[in-house]
Amino acid sequence: MIKHFLKIFIASLMLITILLSVTALGYIILIDRDIVIGTMKNVESKDLSNKGLAFSSTFNYNTPLGKIAKTSKRLNILLVGLENQRTDTIMVLSYDSESNIADIISIPRDTYYPRDVYDRPDTKKINAVYSGEGIEGLSNSIQDILGIPIEKYVIVDYNGVVACVDLLGGVEVEVPFHMKYSDPYDDPPLHIDIPEGRQLLNGEQSLKFLRFRKGYDNQDLGRIEAQQRFMKSAVKKALSLQLPSLINEAYSYIETNLSLTDYLGLAGNIIGFSTENINLHIMPGTETPLEGLSFYVPDEDEIKKLIYSMYGMNNDYN
């Protein structure tokens with residue numbers, strides 16, 4: 001089944017394409033087909049300060065970081081890729097409209113997040129929150145782990161990955177080793193054979209690249225790093241193209257509480273954005289065996305350092 005390993009690409013490519021570059025293209029489609037990116041007029045930038053898009057109704061703004069976040073121009077969006085009722089991919093896109101910089105934080109799906117000491121061990125993983133508490137519960141959980149305000153979300157299914165990559169004309173990626181794997185019992189049967197080296201992958205090949213995990217020293221984290229590099233390459237290509245068909249294809253595969261007005265309002269902020277402005281992170285933590293399972297235990301001190309750095313704070317804040 002086409003379930004695992006796709007959503008990190010889809011969420012990243014589609015949301016960043018839509019949010020950071022496709023908002024501009026969306027303006028072209030919906031309002032003025034003759035406008036070219038870089039010369040858009042009459043698009044008012046969206047206010048990301050308190051009570052704007054960035055405001056979270058459940059976040060404590062009385063903390064040192066909360067006081068900074070209250071007036072910050074940084075918008076944090078939860079990106080979720082689903083496998084049935086579990087979240088196979090969880091990421092946070094944090095975009096600072098003032099500096100025009102985006103940070104992407106990948107949250108490993110095995111992250112340890114117990115909500116009740118009597119729960120089964122497998123329900124103490126972050127990817128189990130969605131099935132019981134929905135997107136609002138998951139947003140609050142990620143907000144709690146990272147300590148940043150999160151109100152907006154994008155939920156992504158996986159069906160458009162092949163079409164979107166093909167619409168891009170393929171994605172160039174450095175394949176770290178010969179990826180070779182077969183699973184005749186998968187549905188459909190999975191056969192991966194991608195040579196090592198720089199490759200231009202079409203949609204089907206990209207799908208297989210994103211599903212592959214067996215050859216990395218650290219399977220899940222190695223896979224995340226490879227997919228982040230793939231995503232950055234895909235976004236770079238998307239930013240260089242004007243593809244209304246890509247927008248239409250991508251938009252049909254997302255569920256979000258960002259309105260079309262929000263997207264268009266953000267368009268005024270992203271002129272000149274490039275992949276050099278994207279910082280990729282994996283949430284700090286350690287893989288640890290607990291209760292008979294493998295968990296990824298968050299490192300609270302290192303997470304705090306990362307978040308403080310994103311918000312321009314130093315560790316003298318208490």
Task: Residues that Ser182 engages under side chain to side chain contact (heavy atoms under 4.5 Å, CB included), provided they are two or more places apart - done: His191

TODO: For Phe59, check ring pair (Phe, Tyr, Trp, His ring centres under 6.0 Å) against everything at least two apart and list the hits.
DONE: Tyr61

Task: Partners passing side chain to side chain donor-acceptor pair (under 3.5 Å) against Gln205 (at least two apart in sequence or in another chain) - done: none

TODO: With sequence neighbours left out, write down each residue that passes side chain to side chain contact (heavy atoms under 4.5 Å, CB included) with Glu174, or none if nothing qualifies.
DONE: Arg198

Open item on the list: Applying side chain to side chain contact (heavy atoms under 4.5 Å, CB included), can you list everything that pairs with Pro284, at least two apart in sequence or on another chain?
Closed with: Asp299, Glu302, Ile303, Leu306

Open item on the list: Please enumerate all residues that pass ring pair (Phe, Tyr, Trp, His ring centres under 6.0 Å) together with Tyr296, with sequence neighbours excluded.
Closed with: none

Open item on the list: The criterion is ring pair (Phe, Tyr, Trp, His ring centres under 6.0 Å); which residues satisfy it with Tyr112, sequence neighbours excluded?
Closed with: Phe295

Task: For Lys67, side chain to side chain donor-acceptor pair (under 3.5 Å) partners two or more places apart - done: none

Task: Partners meeting salt bridge (Lys or Arg N to Asp or Glu O under 4.0 Å) with Glu98 (sequence neighbours left out) - done: none

Open item on the list: Applying side chain to side chain contact (heavy atoms under 4.5 Å, CB included), can you list everything that pairs with Ser99, at least two apart in sequence or on another chain?
Closed with: Asp96, Ile101

- [ ] Please name all residues satisfying side chain to side chain donor-acceptor pair (under 3.5 Å) with Asp103, sequence neighbours left out, ordered by chain then number.
- [x] Arg74, Asn279, His281

Open item on the list: Applying ring pair (Phe, Tyr, Trp, His ring centres under 6.0 Å), can you list everything that pairs with Phe177, at least two apart in sequence or on another chain?
Closed with: Phe212, Tyr216

TODO: With Asn76 as reference, evaluate Ser56, Ser94, Ser139 under the side chain to side chain donor-acceptor pair (under 3.5 Å) test and give the passing residue.
DONE: Ser94

